[in-house]
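If you're wondering where the values come from, they're calculated on a predicted model, not measured in any experiment.
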Amino acid sequence: MTDVPPPPAPDYPNQPAAAAANPYGTPQANPYASSNPYAAAPQQRTNVLAIIALIAAFVVPLAGIICGHIALSQIKRTGENGRGLALAGTVLGYIFTVLGLLFIIAYFAFFAWAASQSGVSYY
């Protein structure tokens with residue numbers, strides 16, 4: 001048997017490890033390459049609380065306001081998508097809260113007025 005000499009040392013100290021491990025110039029597979037070159041790029045995530053804020057604004061407006069404010073804070077910090085959803089949930093939450101309060105005031109005002117219009121006197 002003949003002894004095979006060891007591979008030559010790298011030419012300079014900052015040579016990449018892959019080049020040092022393969023000094024003969026044979027092509028190697030890229031470990032970071034995708035098996036599908038036409039695959040879509042990874043999508044940026046949408047903040048979950050922003051989605052919850054929009055849905056909750058229609059069901060429980062106060063929850064939409066709270067979740068919307070928290071989602072806006074998280075989006076500003078993390079850079080996630082969904083700012084429009086969080087803003088819409090917050091605004092709709094405020095609108096439906098004001099409409100609900102106006103409805104409650106009108107409800108009690110109507111029954112107070114109706115009670116004052118009856119001809120029954122308690123005195």
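- Between Glu80 and Thr46, every side-chain heavy-atom pair lies at or beyond the 4.5 Å cut-off.
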>> Please evaluate residues Asn81 and Asn47 with respect to the criterion side-chain contact (heavy atoms from CB on, under 4.5 Å), reporting the C-alpha separation (whole Å), side-chain torsions for both, the decisive distance (0.1 Å), and the verdict.
In response: CA-CA 6 Å; Asn81 287 338; Asn47 189 291; over 6 Å; no
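- Under a hydrophobic-cluster definition in which Ile, Leu, Val, Met, Phe, Trp and Tyr are linked whenever side-chain heavy atoms come within less than 4.5 Å, directly or via other members, Leu99 and Leu62 are assigned to different clusters.
- Residues Ile55 and Val48 do not share a hydrophobic cluster, defined by chaining ILVMFWY side chains whose heavy atoms lie under 4.5 Å apart.
- In this structure, Phe58 and Phe96 have tilted ring planes: the angle between them lies in the 30° to 60° band.
- A distance of 13.0 Å separates CD1 in Ile52 from CD1 in Ile66, rounded to the nearest 0.5 Å.
- Ring planes of Trp113 and Phe110: tilted class, angle from 30 to 60°.
- Between Ala53 and Gly68, the shortest heavy-atom distance links the atoms CB-N, 3.4 Å.
- Scanning all heavy atoms of the two residues, the minimum distance from Pro61 to Gly93 falls at CB-O, 3.5 Å.
- The structure places CD1 of Ile65 at 10.0 Å from CG of Leu92, a figure rounded to the nearest 0.5 Å.
- For the atom pair CG of Leu54 and OG1 of Thr90, the computed distance is 9.5 Å after rounding to the nearest 0.5 Å.
- Shortest non-hydrogen contact noted between Gly89 and Ala57 is O-CB, 3.4 Å.
- Between Ala50 and Ala71, the shortest heavy-atom distance links the atoms N-CB, 3.6 Å.
- Ile75 approaches Ala86 most closely through the heavy-atom pair CD1-CB, 4.3 Å.
- Checked by atom type and distance alone, the side chain of Gln44 pairs as donor or acceptor with a backbone atom of Gly79 at under 3.5 Å.
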